Structure formats: structure tokens, C-alpha cells
Amino acid sequence: MTLFEKIIARQIPADIVYEDADTIAFRDISPRAPVHVLVCPKKAIPKLSDSDDGDTETLGKLLRSVARVALAAGLTDYRVIINNGAGAGQSVFHLHLHLMGGRTLTWPPG
Ligand code: DGP
């Protein structure tokens, strides 16, 4: 079971800011911006590249959850990041979208 599955199952604590039937959002434990929330599917998809056509609705719901959380946080400008694979910085192998905002974000990210 991955760390994020344990958060979903309430086996380990997290600061959960949004949840619905298919997605959950909680604050990153080491935030890199004033608002840094991770939005995950409840379904255990390890990486975006492991998703398939059957996950299309779930993937859409993830983006809607990001937009909801951003709106609730009062963000108009923000960034959404998916790290796919260790070489791209992924460290937890349960798909998650990083929602980051609340400060000026430079481009490109490192
Ligand atoms: P990534 O590197 O893209 O796989 O992002 C994983 C993020 O998960 C990273 O920014 C730190 C965060 N994280 C790691 N462990 C925990 C934890 O136990 N709780 C919470 N809330 N976030 C965690």
C-alpha cells in the first residue's frame, strides 16, 4: 500500500482540504508554495503513464477537483504539475497532481 493509499484509508493523518467519491486533496507535507495541495484519484494508478482509456473520467475529475480546491483557496493564478516517473521527480507512486499557488511562479520549473 502506498503512502497516499494510507492517507485515503485514514491510516495516516493528512490535512485533507477536499474529498469526493473519486478524488481527494490534501496539503503537501513539505510545501514549496504558500498553497501546495496534492490531488489524487482514490483509484490506485501508480503513474499517469499507467492510466488507460478506462481512466478518462477519473482524470477529468482530478482536474475539476484541482479547480475546486484552487477556487476555495482564493487562487486565480496557479500551477498544476504531474511528475511522471522517478527521473521527473516522482517519489510517491500513486498518481497525484501538485496544485501550487500563492506566490509568483517562474517558468520553466527546474
Ligand atoms: P512527487 O515527488 O511528485 O511524487 O510528490 C510527492 C509529494 O508528496 C512531495 O511533494 C512530498 C509529499 N509527501 C510525501 N510524504 C507525505 C506525507 O506523508 N504526507 C503528505 N501530506 N505529503 C507527503
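All figures in this text were calculated on a predicted structure; none of them were measured in a lab. Sequence positions, counted from 1, serve as the residue numbers for this chain. Note that ligands are numbered from 1 as they come in the structure, with each ligand's atoms numbered from 1 the same way.
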Assess whether ring pair (Phe, Tyr, Trp, His ring centres under 6.0 Å) is satisfied between His98 and His96, documenting all intermediate values. CA-CA 6 Å; His98 294 256; His96 51 282; 5.1 Å; yes

Interatomic distance, CG@Leu99 vs CG@Leu75, rounded to 0.5 Å, equals 6.0 Å

For a distance cut-off of 3.5 Å, show me each N or O of ligand 1 paired with any protein N or O, plus the separation.
residue, atom, partner, partner atom, Å
ligand 1, 2 (O), Gly89, O, 2.7
ligand 1, 2 (O), Ser91, N, 3.4
ligand 1, 2 (O), Ser91, OG, 3.1
ligand 1, 3 (O), Asn83, ND2, 2.8
ligand 1, 3 (O), His96, NE2, 2.9
ligand 1, 3 (O), His98, NE2, 2.8
ligand 1, 4 (O), Ser91, N, 2.6
ligand 1, 4 (O), Ser91, OG, 3.3
ligand 1, 4 (O), Val92, N, 3.0
ligand 1, 4 (O), His96, NE2, 3.0
ligand 1, 5 (O), His96, NE2, 2.9
ligand 1, 5 (O), His98, NE2, 3.2
ligand 1, 10 (O), Asp28, OD1, 3.3
ligand 1, 10 (O), Asp28, OD2, 2.4
ligand 1, 21 (N), Arg27, O, 2.9
ligand 1, 22 (N), Ile29, N, 3.2

Min side-chain heavy-atom separation Thr23-Tyr18 under 4.5 Å: yes

Distance in Å, His94 NE2 paired with Met1 CE, rounded so as to fall on 0.5 Å steps: 10.0 Å

Ile16 versus Ile24: any side-chain heavy-atom pair under 4.5 Å? yes

Side-chain H-bond candidate by donor/acceptor type, Asn84 with Ser49, under 3.5 Å: yes

